[in-house]
Every structure is written in structure tokens, then in C-alpha cells.
Amino acid sequence: MLKTSEFSHNLLAWYHLNQRSLPWRKTRDPYKIWLSEVMLQQTQVITAIPYFEKFITKYPDIDSLAAADEEALLKDWEGLGYYNRIRNFQAAVKEVKEHYGSVVPDDPEVFFKLKGVGPYIGGAVQSIAFNHLIAAVDGNVLRVMSRLDADDREMTKPSVQKTVKERVETLIPLEAGDFNQALMELGATICTPRAPKCIICPVRQHCEAYQENRVSELPVKKKAKKKSEYYYNVYFILNGKNEILLQKQEGTLLQGMYELPRFDVDTSLETIEESLGIEVHHKGEHIGSVSHVFTHKKWFMEGYILYTRDIHPEFIKLEDVGNLPMSRAMQKLYHLFEAMGG
DNA sequence: CACGCGTGGAC
DNA sequence: TGTCCAAGCGT
């Protein structure tokens with residue numbers, strides 16, 4: 001069914017005709033390609049581009065990124081999500097600076113061991129920057145391959161993804177980077193999740209699902225789990241000196257981002273005072289309510305003002321709050337506070 | 001392996 | 001206050 005050389009030729013011809021390569025990839029600058037792949041993880045191209053421009057201006061090379069302050073990096077990453085990505089990227093970049101003379105390794109064995117480099121990013125950087133014959137299997141490629149081979153296995157399973165990667169690597173011609181980008185581009189523009197444009201697909205004659213009229217059934221996905229819901233009271237604690245109490249988020253969710261003190265709705269005022277080491281002398285008004293959806297949970301937050309006279313190291317000048325990295329969830333509430341003249 | 005991890009856009 | 005998903009990775 002699938003004639004390998006003909007398939008690859010048709011795909012590459014289509015790709016070169018459309019010339020939709022991301023502009024920085026044409027430079028073959030391994031650092032730029034790597035940074036962009038990190039940003040593009042689970043993130044749409046249109047969303048990542050302004051962040052990429054900012055980072056490449058502010059941190060144009062390995063050494064400048066390695067030397068950056070972590071909190072400054074988080075602030076620049078603010079709004080992009082999956083905040084561990086930038087921490088992992090800096091850790092990897094520091095490793096490259098210290099052990100490889102600030103030169104991105106042109107060696108898959110070495111590169112794949114770096115923090116935050118998995119099968120996709122490793123394959124993408126090594127193929128696009130150095131033309132190593134390695135597949136870059138992302139969500140687009142999984143979808144394309146499931147249809148091309150009428151493969152009805154669960155594409156989310158790591159074991160299946162491994163075999164898909166091996167399958168793609170049997171198809172890669174000499175121009176590995178272009179081929180990987182072409183396959184992703186096909187998935188992003190033609191072989192889309194909904195309403196795929198099979199009629200203009202350059203490889204439809206090689207597509208088993210198309211021939212069997214089964215494109216709409218593929219890829220097979222299991223339905224998403226329901227998100228668990230959390231209800232919080234969030235406090236704007238003011239000390240009468242134009243300062244507000246903020247805390248650095250701990251744990252795994254939003255680690256390192258600043259947040260307003262947040263408590264389960266049934267937490268008593270006494271517990272809150274004790275936990276924060278302050279004494280509330282006056283309860284202020286209700287700021288409003290905000291909800292926020294994460295990948296696997298939902299937050300429902302009510303905002304309230306509290307007043308204290310206490311001095312406390314975690315109070316921040318109101319004018320400085322904007323310089324700290326803060327999640328979208330907290331920004332939503334904070335904007336309500338600002339709109340009230342807070 | 002299954003799950004946790006952000007956010008915004010398209011329906 | 002819905003669903004799906006996006007150039008995935010760490011644990």
C-alpha cells in the first residue's frame with residue numbers, strides 16, 4: 001500500500017511548495033530551534049511566537065540564558081504555562097555551558113540526556129539543526145500516522161508512540177529535518193483533528209484510512225477524565241503601608257509563581273491568622289469571584305480584603321507586584337482588585 | 001505506566 | 001462552570 005520513496009517525495013514536494021517552515025528554523029541555529037521547541041510543547045505556534053521573540057532578544061545565546069536570574073525567566077515566561085519547562089531548559093543550558101563549551105551537542109546520545117529533552121524535542125533539534133535521521137513525533141505526526149496506516153491503537157500510550165517513531169524512521173529520506181517538519185505541517189494544516197482536508201492532501205493515495213473511508217474514526221482516543229473542582233477563599237491582605245501579602249507558590253502546580261494567600265473555603269479566620277503569622281484587625285469587602293481551568297483541575301476563588309497592622313517580610317509594595325511572576329489564575333483576581341482602585 | 005502539569009483558541 | 005487540543009516531559 002505505502003510506497004516509501006513515493007510518499008516521502010510527494011510530502012516533501014508539497015512542503016517545499018508551501019514553504020511554511022517556521023522562520024527561525026531556517027537559520028539552523030541549534031539554540032534557537034531548541035528554545036522554540038521547548039516553547040511549542042503543548043502550545044500553539046501563534047501563542048509561542050511573541051514569547052520566542054522576547055526571549056531571543058533578551059537571551060540570544062546559551063551563555064545569556066544560563067546566566068539569567070530564575071525569577072526573571074519565570075516572569076518572562078508568565079502566561080505561557082507549564083512553568084517547569086523554563087527551569088528545565090535553563091538547567092540543560094547550564095549543562096551545555098559547563099560541559100560542552102556552550103555548544104549545543106551535535107550528538108543524539110548526548111543531547112537526549114539533557115533535562116527537558118524527550119523523544120520529540122530531541123528528534124526535532126537533532127534532525128532540523130544537524131540533520132540526524134531521527135523522527136520528531138508530536139501530536140500531529142501521531143494523528144497523520146494513525147490515519148496513514150489505519151492504525152487504531154491508543155496513540156497516547158508510550159509503547160505505541162515508540163513503534164510509531166520507529167515506523168516514521170523507516171520513511172525518512174536524506175533531508176530528515178525537512179521531512180519531520182513536513183509531516184508536522186501536514187498534520188497542522190491538512191490532516192487536522194476535525195474536518196481534515198483529504199481532498200487536497202498530497203499523500204491521500206498512500207493513506208489507508210482515506211482509501212477505506214475511515215479517516216473520521218482515527219486516531220482513537222479515550223475520553224478525558226472529569227476535572228476535579230476546588231473551592232478557595234483568596235485574601236488581599238493590606239497592612240496600611242501600601243503593601244500586600246504575597247507568597248511564592250510551592251509544590252508542583254505553579255511552582256515559583258507568586259500568589260495571594262489561598263485557603264479552602266471552610267478555613268477559619270483564626271487558622272488563617274495563625275498560618276500567616278498576622279493579626280487581622282478589620283475584614284474588608286468582597287472583591288469578586290473568579291474561576292480558572294487547568295489541565296486537570298478547576299479552581300473557584302472568592303476574593304476578600306483583610307487589614308492588618310503587622311509588619312511581615314512577605315509584604316510587597318503594591319507598585320512592585322507587577323514585577324513578580326504571577327499565574328493567570330491569580331492575575332484574574334488581582335485585576336478585579338485593581339479595578340476597584342486597590 | 002498513568003498521571004500531573006497552564007493557557008488560550010476553535011467549536 | 002463544555003469539549004477538544006496544541007510541534008510533550010518528568011516522575
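Per chain, numbering begins at 1; letters A, B, ... match sequence-line order.
- Within the 3.5 Å criterion, the main-chain N or O of A176(A) finds a donor-acceptor partner in the side chain of N131(A).
- With hydrogens and angles left out, the side chain of T295(A) and the base of dG6(B) share a donor-acceptor pair within 3.5 Å.
- A close approach under 4.0 Å does occur between a side-chain nitrogen or oxygen of H292(A) and OP1 or OP2 of dT7(B).
- N180(A) comes within 4.0 angstrom of no nucleic acid atom, judged by non-hydrogen atoms across all strands.
- Distances shorter than 4.0 Å separate none of the side-chain N or O atoms of N84(A) from OP1 or OP2 on dC5(B).
- Shown for residues 113-130 of chain A: no residue has heavy atoms falling under 4.0 angstrom of DNA chain B.
- Considering only heavy atoms from C-beta on, Y120(A) comes within 4.5 Å of E37(A) through its side chain.
- In this structure, F55(A) and W77(A) have perpendicular ring planes: the angle between them is above 60°, well past the 30° mark.
- Of the inter-residue distances, the one linking K157(A) atom NZ with L142(A) atom CG reads 14.0 Å to the nearest 0.5 angstrom.
- One atom, CZ of R85(A), and another, C1' of dT7(B), lie 9 Å apart when rounded to the nearest Å.
- Proximity of a side-chain donor or acceptor of E259(A) to a complementary backbone N or O of M326(A) within less than 3.5 Å is not detected.
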Intra- and inter-strand pairing of DNA chain B, written as dot-bracket with Watson-Crick and G-U pairs under 3.5 Å and | for the latter, reads .||||.|||||

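- Across the protein-nucleic acid pair, Q44(A) atom CD and dA7(C) atom C1' stand 11 Å apart, rounded to whole Å.
- Taking 4.5 Å as the limit, some side-chain heavy atom of W34(A) sits within range of a side-chain heavy atom of V96(A).
- Straight-line distance between the P atoms of dG8(B) and dC9(C): roughly 22 Å, to the nearest whole Å.
- Taking atom P on both dA7(C) and dC5(B), the two are 23 Å apart, rounded to the nearest angstrom.
- Taking 4.0 angstrom as the limit, T43(A) places none of its side-chain polar atoms (N or O) nearer than this to OP1 or OP2 of dA7(C).
- The side chain of H296(A) lies closest to dC5(B), out of dG8(C), dT7(B), dC5(B).
- Using a 4.0 Å heavy-atom cutoff across all strands shown, R143(A) reaches sugar-phosphate atoms only and no base atom.
- A close approach under 4.0 Å does not occur between any side-chain nitrogen or oxygen of K223(A) and OP1 or OP2 of dC4(C).
- Comparing P158(A) and A329(A) by the nucleotide of DNA chain B whose heavy atom lies nearest to each, the residue mapping closer to the 5' end is P158(A).
- In this model, the phosphate group of dT7(B) is approached by a side-chain N or O of Y83(A) to a distance below 4.0 Å at OP1 or OP2.
- Sorted by residue number, the members of residues 244-253 of chain A with any non-hydrogen atom under 4.0 Å from DNA chain B read T252(A), L253(A).
- At the heavy-atom level, G79(A) lies under 4.0 Å from the strands shown only through sugar-phosphate atoms.
- Here dA2(B) is the nucleotide among dG8(C), dA2(B), dG8(B) with the atom lying nearest to any side-chain atom of K157(A).
- Side-chain contact annotation: S64(A) with D61(A), donor-acceptor N/O pair under 3.5 Å present.
- In this structure, the side chains of Q42(A) and Y82(A) come closer than 4.5 Å at one or more pairs of heavy atoms.
- Atom CD in E229(A) sits roughly 8 Å away from atom P in dG2(C) (whole-Å rounding).
- Listed pair R194(A) / dC11(B) fails the phosphate criterion, with no side-chain N or O lying under 4.0 Å from OP1 or OP2.
- When each of V293(A) and V45(A) is assigned the nucleotide of DNA chain C bearing its nearest heavy atom, the one mapping closer to the 5' terminus is V293(A).
- Rounded to whole Å, atom C1' of dG6(B) lies 15 Å from atom CG of L40(A).
- Taking atom CE of residue M326(A) and atom P of nucleotide dG6(B), one finds them 16 Å apart after rounding to whole Å.
- Distance from the side chain of D138(A) is smallest for dA7(C) among the nucleotides dC4(C), dA7(C), dC5(C).
- A cation-pi contact, defined as under 6.0 Å to the ring centre and within 45° of the axis, links R262(A) to W299(A).
- Residues A150(A) and L218(A) come closest through the heavy atom pair CA-CD1, 3.7 Å.
- Residue Q42(A) places at least one side-chain N or O closer than 4.0 Å to OP1 or OP2 of dG8(C).
- In terms of position on DNA chain B, the residue among S159(A) and Y82(A) whose nearest nucleotide sits closer to the 5' end is S159(A).
- Looking at heavy-atom distances under 4.0 Å, S36(A) makes no contact with the nucleic acid at all.
- With rounding to the nearest 0.5 angstrom, the CZ atom of F7(A) is 7.5 Å from the NE2 atom of H206(A).
- Atoms CE (M257(A)) and C1' (dT7(B)) sit 11 Å apart, rounded to a whole Å.
- Residue-level contact check: K297(A) touches the backbone only, with heavy atoms under 4.0 Å from sugar-phosphate atoms and none from bases.
- For the pair K297(A) and Y230(A), the cation-pi test (distance below 6.0 Å, angle within 45°) is passed.
- Here dG6(B) presents its C1' atom at 19 Å from OH of Y258(A), a figure rounded to the nearest Å.
- The side chain of N88(A) has dG10(C) as its nearest neighbour among dT7(B), dG10(C), dA7(C).
- H292(A) has its ring centre less than 6.0 Å from the ring centre of F294(A).
- Ring-plane geometry between F263(A) and Y235(A) is classed as tilted, the angle between the planes lying from 30 to 60 degrees on a 0 to 90 degree scale.
- Rounded to a whole Å, the CG atom of L80(A) is 12 Å from the C1' atom of dA6(C).
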